[in-house]
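In what follows, a single structure is set out as structure tokens and then discussed.
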Amino acid sequence: MELTPLLIAALILLGFIVGLMSAMFGVGGGVLMVPFIVLVLGESQHLAEGTSLLVVVPTAVAGVAAHHKRGYVSFRTATAIAVPGVVGAFLGARWALAIDPAALQTAFGIFTVVVAIRILVDGVKTRRAEKVRTSAG
Amino acid sequence: MPMLVLLAGTSQKSAHATSLAAVILIASVGAATYAADGEVSFGLAALIATGSLVGAPLGARMMSGMSESALKIIFGCILLTMGGWLVWS
């Protein structure tokens, strides 16, 4: 894949939207990055998942640095979550790499639809609450 | 994160920050496992991360001034389209 100036701009814009959405909705950026890398850039599901995981690292480091200044981070609790998490991440990645990319893409698509439905249901509930607040105020 | 709030009795902000700290290690190991099989594009990751590092703090700031429900519905529709596209393509 050739990195044209237009593609470079599109990727930075994608990152911007991923950062924005992650901060706003608390969802991992993978649900946005993986479909973009597969559908727009035409890369494999495996490469999309590996690349999206790598993007998460500096983004999370920046977030933790900002929260740490305000004393919000409990590193002891984080380690307790991270230890089993790391084992799960390794096993999950090995498992995903063993699955055919096309089948993995379908599974990821179904997962994305489920996340979308959850967010939409949440959005409708929030809208109702906003209307109640508006009419009460 | 909801488990942290419920079980450890921490605040929403502290739970978010702490789970983000755990994500650093978890995502690193996941990415390294894919990279060992050559399934990571470092160039793509660097470009997306650049935009993301600018977008995340702006997103946090913009949260206060916008209709939460409209954003959720728009974002949900985008994801629904992308998910459906992934399944059918």
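In what follows, every chain begins at residue 1, and chains take the letters A, B, ... in the order their sequences are listed. Scope of the values below: all heavy atoms of this structure, side chains included, with no hydrogens, waters or symmetry mates.
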Gap between atom [atom2] of [Y] and atom [atom1] of [X] - 0.5 Å precision:
X         : Y        : atom1 : atom2 : answer
Leu54(A)  : Leu44(B) : CG    : CG    : 10.5 Å
Phe111(A) : Leu86(B) : CZ    : CG    : 11.5 Å
Leu20(B)  : His68(A) : CG    : NE2   : 13.5 Å
Thr126(A) : Lys72(B) : OG1   : NZ    : 3.5 Å
Thr50(B)  : Leu13(A) : OG1   : CG    : 13.0 Å
Thr112(A) : Met82(B) : OG1   : CE    : 9.0 Å

Check whether any side-chain heavy atom of [X] lies under 4.5 Å from a side-chain heavy atom of [Y], and answer yes or no.
X        : Y         : value
Ser69(B) : Lys131(A) : no
His46(A) : Asp37(B)  : no
Leu80(B) : Val113(A) : yes

What part of [X] lies closer than 4.5 angstrom to a heavy atom of chain A: side chain, backbone, both or neither?
X        : result
Ala35(B) : neither
Ala70(B) : both
Ile24(B) : both

Testing the basics here: between [X] and [Y], what is the closest heavy-atom pair and its distance to 0.1 Å?
X        : Y         : value
Ala21(B) : Val73(A)  : CB-CG1, 3.9 Å
Ala62(A) : Leu53(B)  : CB-CD2, 3.6 Å
Ala89(A) : Gly30(B)  : CB-N, 4.1 Å
Ser41(B) : Thr51(A)  : N-OG1, 2.9 Å
Gly76(B) : Ala116(A) : O-CB, 3.4 Å
Ala31(B) : Gly50(A)  : CB-O, 4.2 Å

Does [X] share a hydrophobic cluster with [Y], counting links as ILVMFWY side-chain heavy atoms below 4.5 Å and allowing steps through other members?
X         : Y         : answer
Ile48(B)  : Phe36(A)  : yes
Ile12(A)  : Val18(A)  : yes
Val124(A) : Leu71(B)  : no
Leu32(A)  : Ile110(A) : no
Leu91(A)  : Val86(A)  : yes

Quick check for you: among [options], which has the greatest number of heavy-atom pairs under 4.5 Å with chain B?
options                                 : value
Asp122(A), Leu39(A), Thr79(A)           : Leu39(A)
Val56(A), Val87(A), Leu97(A), Thr106(A) : Leu97(A)
Ile8(A), Ile117(A), Leu120(A)           : Leu120(A)

### Modelled atom types, side-chain donor and acceptor of Thr18(B) and Thr77(A), under 3.5 Å
no
Which answer fits [X], side chain, backbone, both or neither, if we ask what part of it has an atom under 4.5 Å from a heavy atom of chain B?
X         : result
Ile37(A)  : side chain
Glu130(A) : side chain
Val38(A)  : side chain
Ser52(A)  : neither

### Summary
Greatest number of non-hydrogen atom pairs under 4.5 angstrom with chain A, of Val23(B), Val29(B), Leu47(B), falls to Leu47(B)
